[in-house]
2 protein chains.
Amino acid sequence: MQSQIPDVVIYRLPFYTRVLTSLAEEDIEVVSSQDLGERLQMTPAQIRKDLSYFGKFGRQGKGYNVKQLLGELQQITGLDREWNMVLVGVGRMGNAILDYGKLALRGFRIVAAFDVDPQLIGREIGGVVIQDISELADTIKQQDIKIGVVTVPPSQVQQAVDRLVECGIKAILNYAPFAPRVPQDVRVRRVDPMLALQTATYHLKSLGTT
Amino acid sequence: MQSQIPDVVIYRLPFYTRVLTSLAEEDIEVVSSQDLGERLQMTPAQIRKDLSYFGKFGRQGKGYNVKQLLGELQQITGLDREWNMVLVGVGRMGNAILDYGKLALRGFRIVAAFDVDPQLIGREIGGVVIQDISELADTIKQQDIKIGVVTVPPSQVQQAVDRLVECGIKAILNYAPFAPRVPQDVRVRRVDPMLALQTATYHLKSLGTT
DNA sequence: GTGTGTGAATGTTTTCACAGCG
DNA sequence: CGCTGTGAAAACATTCACACAC
């Protein structure tokens, strides 16, 4: 039924690719799980175990070849290719995301943006022309897009997500502070600075004054 | 240290307060772990177990009083008060955050912002005047601030974090794509949309074409 | 009857510790 | 030697299932 590779492990892979990328930039050729562990603040054993789910990438007595391991991990995570995305909801946040150039550099490119506001349709932001939401299905199917970014107001999130799912979107980056309901095979990832703060205050509480 | 309450539980508390808040707004007075579970897409048992770490808030055969439980949880999480924060690094992201009004409504208020760029010092954004970084220590100590938001370029994150920690900051909202090193008693929370995307592509890979 | 609170059971993740390879 | 890869053990988290309170 399922992949038997724990989700937590999948979640950690991008961390590995990031450190390996910067090691590669420093022209470091070989790295041990020990080194990696220090840079990532995790135990060497965990790193070795994680990697072992996918294969044997290291050499005993030596460590891992940085470039080779990086390549393997990029392939495993699917970060070796470009991913096209659609964005739904060109409000404040959607605008900022469209206007932010660096996404594409990292392999994620917003190729289409949608809104319901007639005022916005036809405008161009960050090289993307805003289309009417009614064109969503066609665009997604034509370009075989699998990732959607949802930046509509909270009250419309579920509806927007439903539409995306109907169109065959399989991963959603959600900027709303709650989890929309989706079928099991669709992944939702939440971006929620507020939540991050709210999980920190518990520990601050016990810290006297203010 | 006698925390004994699992971190995962602490992380879930804000979700409970959010649903309870919206239930309260709908004037719903009582809720069962069953109901909560459906809304949050988690098992009733987990909710009951989580809550049991902090006390007995429910009534058998009935459920939980929404307002009362909300109050308890806000107190437990420290969300029953206002938190003042400083922001370091008024670049693109820092600017956006300062300009974003709603933070304060949710109990978090940025009361001071800092940068090293002389061009920026003295400017006002979102009601906050940008100060020179040299004034950081004084401001934090005078106002007994415990939370810092770090939006400096990646290469300067560790330095900025070190300064904040020296000044007594105990929680940091980090917008950089890596984890700075901090003492054990300082919590760092990362906001990282890129990471969110990167954890999703693993599952998309196996999905044919594109 | 209904739904909480909770030990006990089950499932999952991390860590240990060491055989074995280079 | 040094460091990987990995079963086995330990730690941790979730779910079960039921006594008990309303």
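Atom set for the values below is all heavy atoms of this structure, side chains included, hydrogens, waters and symmetry mates excluded. To find a chain, count down the sequence lines: A is the first, B the second, and so on, and within it residues start at 1.
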Check whether any side-chain nitrogen or oxygen of B:Ser33 sits under 4.0 Å from OP1 or OP2 of C:dT4, and answer yes or no. yes
Under a 4.0 Å heavy-atom criterion, DNA chain D is touched by chain B from D:dA13 to D:dC22
With sugar-phosphate meaning primed atoms plus P, OP1 and OP2, does A:Arg59 contact a base, only sugar-phosphate, or nothing at under 4.0 Å between heavy atoms? sugar-phosphate
Taking the side chain as everything from C-beta on, heavy atoms only, tell me whether B:Val191 gets closer than 4.5 Å to B:Arg189. no
Please report the interatomic distance CG(B:Leu103) to CG(B:Leu87), rounded to the nearest 0.5 Å. 9.5 Å
Return the value, rounded to whole Å, for the distance between atom NZ of A:Lys49 and atom C1' of C:dT15. 9 Å
Whole-Å distance between C:dT12 P and A:Ile10 CD1? 15 Å
With a 4.5 Å heavy-atom cut-off, do A:Met194 and A:Pro177 have their side chains touching? no
Nucleotide C:dG1, atom P - distance to CD of B:Gln34 in whole Å: 17 Å
With B:Phe178 via side chain to side chain contact (heavy atoms under 4.5 Å, CB included) - residues at least two apart: B:Pro154, B:Val157, B:Ala176
Test item: B:Arg39 side-chain N/O and B:Val19 main-chain N/O as donor-acceptor pair under 3.5 Å: no
Rounded to whole Å, CZ of A:Arg48 lies from P of C:dC16 at a distance of 11 Å
Within the pair B:Lys56 and C:dT6, is there a side-chain N or O less than 4.0 Å away from OP1 or OP2? yes
Here the distance between atom P of C:dG5 and atom CD of B:Gln46, to the nearest Å, is 15 Å
Take atom CZ of B:Phe57 and atom C1' of C:dG3, then tell me their distance rounded to the nearest Å. 17 Å
State whether the number of non-hydrogen atoms from other residues, nucleotides or ligands found under 6.0 Å of B:Glu29 atom CD is greater than 12. no
Give a yes or no on whether the backbone of A:Ile76 and the side-chain of B:Lys205 come within a donor-acceptor separation of less than 3.5 Å. yes
Would you say C:dG20 has OP1 or OP2 under 4.0 Å from some side-chain N or O of A:Gln60? no
N/O (side chain, A:Tyr11) to phosphate O (OP1/OP2, C:dT13) under 4.0 Å: no
Could you state the atom-to-atom distance from CZ of A:Arg12 to C1' of C:dT12 in whole Å? 12 Å
